[in-house]
Amino acid sequence: MSASELSRRIHARELSCRETMDAYLAQIDRLNPTFNAIVSRVDSDTLRAQADERDAELQAGRSSGWLHGMPMAVKDVCNTQGITTTFGSPLLANNVPTFDDIQAERLKAAGAILIGKTNTPEFGLGSNTYNTVFGATGNAYDPRFTAGGSSGGAACALALRMVPVADGSDMMGSLRNPAGYNNVFGFRPSQGRVPYGPMGDQWVNQMGTEGPMGRTVEDIANLLSVQAGRDERAPLSLPGTWPGEPLDLDRDPGHVRIGWLGDLGGHLAMEDGILACCTDALARLADANCTVDSVQPAFDPGEAWQTWLTLRRWLVAGRLRNVWDDLSARQQLKPEAQWEAAQGDALTATEVLAASTARTRFYTQLLGMFAHCDVLALPSAQVWPFLASTPWPRTIAGRAMDTYHRWMEVTIYASLGGLPAVSVPAGFNADGLPIGLQLIGKPQADLWLMRLARHYELRAGDVLARAPSALS
């Protein structure tokens with residue numbers, strides 16, 4: 001059942017929290033040895049005792065919230081008090097935080113029972129979930145292939161019903177890419193919708209955000225309502241709570257103008273079959289009062305990419321500063337992290353400010369596009385899931401990828417614009433591996449975009465019903 005249905009059944013006391021915990025632990029024991037999605041597991045007896053406590057609270061008429069008694073595994077870049085948090089790095093293999101990040105606080109406050117962490121690449125860098133601490137996470141539809149990343153462990157665990165719903169984070173598609181690769185929904189909220197931290201900097205770190213993943217749109221909407229809302233420790237977080245009105249996901253969004261960006265007029269290298277799969281997916285919305293038109297970007301894709309490279313390198317170098325300054329620790333970083341930190345270390349303040357100015361110009365150009373479109377559409381990745389043993393694709397359709405993340409260039413536009421974006425399951429290739437479709441909404445139009453995703457969901461039953469063979 002969906003997470004939302006599970007929550008209703010628990011609160012109606014048709015299912016106990018203990019029964020729920022036992023069922024998910026059994027599923028993890030059965031599938032996780034093959035797929036390696038969940039790491040740093042909490043002792044099962046401890047978890048069952050916590051489930052019993054949640055049952056006692058319901059017996060006494062008390063509920064903590066939507067997640068009451070539901071097991072969750074938090075992405076391993078989120079600090080969790082008393083649970084090992086490695087960030088996928090051997091440098092933090094034994095790190096046990098004494099505090100919770102804001103996200104973990106909110107999940108617990110809503111009644112979730114944290115059963116462990118979900119696997120991630122080292123420091124969340126890269127869209128293939130592997131590291132030297134835990135190894136690689138396999139795709140839910142074939143463990144030989146990548147689950148994507150950096151929220152790959154979360155997406156795989158979700159698709160295989162090892163967790164009912166999952167959190168993730170997204171700087172360069174880290175919620176959208178793994179969602180597409182595992183045939184689930186991933187939602188990147190508007191910048192500031194979900195407060196991030198606590199962390200040393202709360203002012204310039206404005207490219208990544210945490211958000212929800214689920215097997216239904218209702219699930220991601222309900223989880224976002226837990227994650228979102230103002231926190232004074234995050235000064236740039238949006239005021240109030242979300243959604244601020246009834247979800248009403250089935251409300252008719254009216255006539256919707258969808259601008260299909262495709263491969264940006266040939267700028268983006270695309271593996272064969274992805275564009276066709278995504279245009280077929282968009283056709284499902286034709287009977288939902290939507291029109292789809294191919295559009296050209298109002299921005300210079302080359303300038304957008306260079307802007308992205310500068311700002312990302314600068315932020316990565318800053319995040320890794322303590323490691324970078326320690327030569328012995330630096331040498332333990334994966335080569336891609338060393339490369340990006342070195343690139344960022346060489347930047348000047350003038351170059352960073354120029355990139356920020358270019359980002360502002362890019363945002364203004366996006367606003368111009370939204371004068372003619374209600375939503376922009378792109379694939380969730382430029383390649384189908386590839387072998388997990390391959391760190392990253394070196395070529396796409398004969399074109400060389402000049403950085404370890406160039407094959408995910410398709411995800412930078414929502415991130416640079418701070419815009420809400422949802423990845424919806426689009427379809428499968430001949431090998432039975434899935435891909436997603438990105439729908440990018442107007443500034444802070446998170447709820448409207450959720451409703452559009454729901455209308456898509458109602459028309460995509462053939463794709464959504466195609467479960468991983470491991471569930472048979």
Side-chain angles (χ1 to χ4, degrees), residues 67 72-81 83 85-89 92 95 97-110 112 114 117-118 120-125 149-151 153-154 165-178 186-213 220 223-243 308 311-312 314-322 356 359 411-412 414-422 443-444 446:
L67 290 168
M72 282 199 71
V74 180
K75 185 176 177 180
D76 198 19
V77 294
C78 176
N79 287 296
T80 46
Q81 183 177 12
I83 303 176
T85 303
T86 74
F87 291 77
S89 173
L92 296 170
N95 175 50
T98 57
F99 65 95
D100 286 323
D101 280 349
I102 293 172
Q103 168 137 256
E105 283 181 3
R106 292 189 169 185
L107 297 176
K108 287 182 177 180
L114 303 191
K117 311 304 282 283
T118 52
T120 184
E122 187 173 11
F123 290 109
L125 299 175
S150 60
S151 307
V165 71
D167 71 284
S169 55
D170 186 309
M171 184 183 192
M172 193 175 179
S174 292
L175 279 158
R176 292 163 283 159
N177 157 266
F187 193 88
R188 177 192 166 93
S190 293
Q191 200 66 48
R193 179 74 63 201
V194 176
Y196 190 63
M199 57 185 178
D201 165 64
Q202 284 283 3
W203 298 100
V204 301
N205 230 319
Q206 289 293 306
M207 295 244 282
T209 179
E210 292 165 318
M213 305 175 82
I220 59 173
L223 182 55
L224 182 58
S225 70
V226 172
Q227 297 171 308
R230 174 75 179 176
D231 189 294
E232 297 302 330
R233 293 168 293 179
L236 300 183
S237 59
L238 297 177
T241 59
W242 186 87
W308 176 263
L311 294 175
R312 179 182 165 99
W314 178 57
L315 291 171
V316 169
R319 284 172 51 198
L320 298 180
R321 171 55 55 194
N322 292 339
S356 186
R359 183 186 183 187
T411 66
I412 70 171
S415 301
L416 273 177
L419 301 176
V422 61
Q444 298 189 27
D446 303 58

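Along the sequence shown, residues carry numbers from 1. Because the structure is a prediction, the values reported are computed rather than measured.
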Can you name the salt bridge (Lys or Arg N to Asp or Glu O under 4.0 Å) partners of [X], sequence neighbours left out?
X	answer
Asp446	Arg193
Asp170	Arg176, Arg188
Asp100	Lys108

>> For Gln227 and Thr209: C-alpha separation, side-chain torsions, deciding distance, then whether side chain to side chain contact (heavy atoms under 4.5 Å, CB included) applies.
In response: CA-CA 11 Å; Gln227 297 171 308; Thr209 179; over 6 Å; no
Would you give the length of the straight line joining atom [atom1] of [X] to atom [atom2] of [Y], rounded to the nearest 0.5 angstrom?
X	Y	atom1	atom2	value
Asp201	Gln206	CG	CD	8.5 Å
Ser415	Met171	OG	CE	8.0 Å
Arg359	Ile412	CZ	CD1	11.0 Å

>> What verdict does the side chain to side chain contact (heavy atoms under 4.5 Å, CB included) test give for Ser190 and Gln444, after you've listed the backbone C-alpha separation in whole Å, the side-chain angles of each residue and the deciding distance to 0.1 Å?
In response: CA-CA 5 Å; Ser190 293; Gln444 298 189 27; 4.2 Å; yes
>> By the definition side chain to side chain donor-acceptor pair (under 3.5 Å), identify the one residue from Asp101, Thr80, Asp76 that meets it with Thr85.
In response: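 The side chain to side chain donor-acceptor pair (under 3.5 Å) with Thr85 is passed solely by Thr80 among Asp101, Thr80, Asp76.
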Any sub-3.5 Å donor-acceptor pair from [X]'s side-chain atoms to [Y]'s backbone N or O?
X	Y	answer
Gln191	Gly208	yes
Gln202	Tyr196	yes
Ser89	Glu122	no

Note, [X] side chain near [Y] side chain (heavy atom, < 4.5 Å):
X	Y	value
Arg230	Thr241	no
Pro443	Leu419	yes
Met213	Thr118	no
Met72	Val165	yes
Leu223	Leu107	yes
Leu175	Ile220	no
Leu92	Phe123	yes

> Quick one: salt bridge (Lys or Arg N to Asp or Glu O under 4.0 Å) pairs with a partner in residues 233-243, sequence neighbours left out?
Replying inline: Glu105-Arg233, Asp231-Arg233
> Closest approach of Pro189 and Val194, non-hydrogen atoms and distance?
Replying inline: CG-CG2, 3.9 Å
> For Asn79 and Phe87, which heavy atoms make the closest approach, and how far apart are they?
Replying inline: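 That closest heavy-atom pairing would be OD1-CE1, 4.0 Å.
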> Does Ser225 have any side chain to side chain contact (heavy atoms under 4.5 Å, CB included) partners at least two apart in sequence or in another chain, and if so, which?
Replying inline: Trp242, Pro243
> Taking only residues two or more places apart in sequence or in another chain, which ones pass side chain to side chain donor-acceptor pair (under 3.5 Å) with Ser150?
Replying inline: Lys75, Ser174
>> As a quick check of understanding, evaluate side chain to side chain contact (heavy atoms under 4.5 Å, CB included) for Arg106 and Asp167, giving each step before the final call.
In response: CA-CA 11 Å; Arg106 292 189 169 185; Asp167 71 284; over 6 Å; no
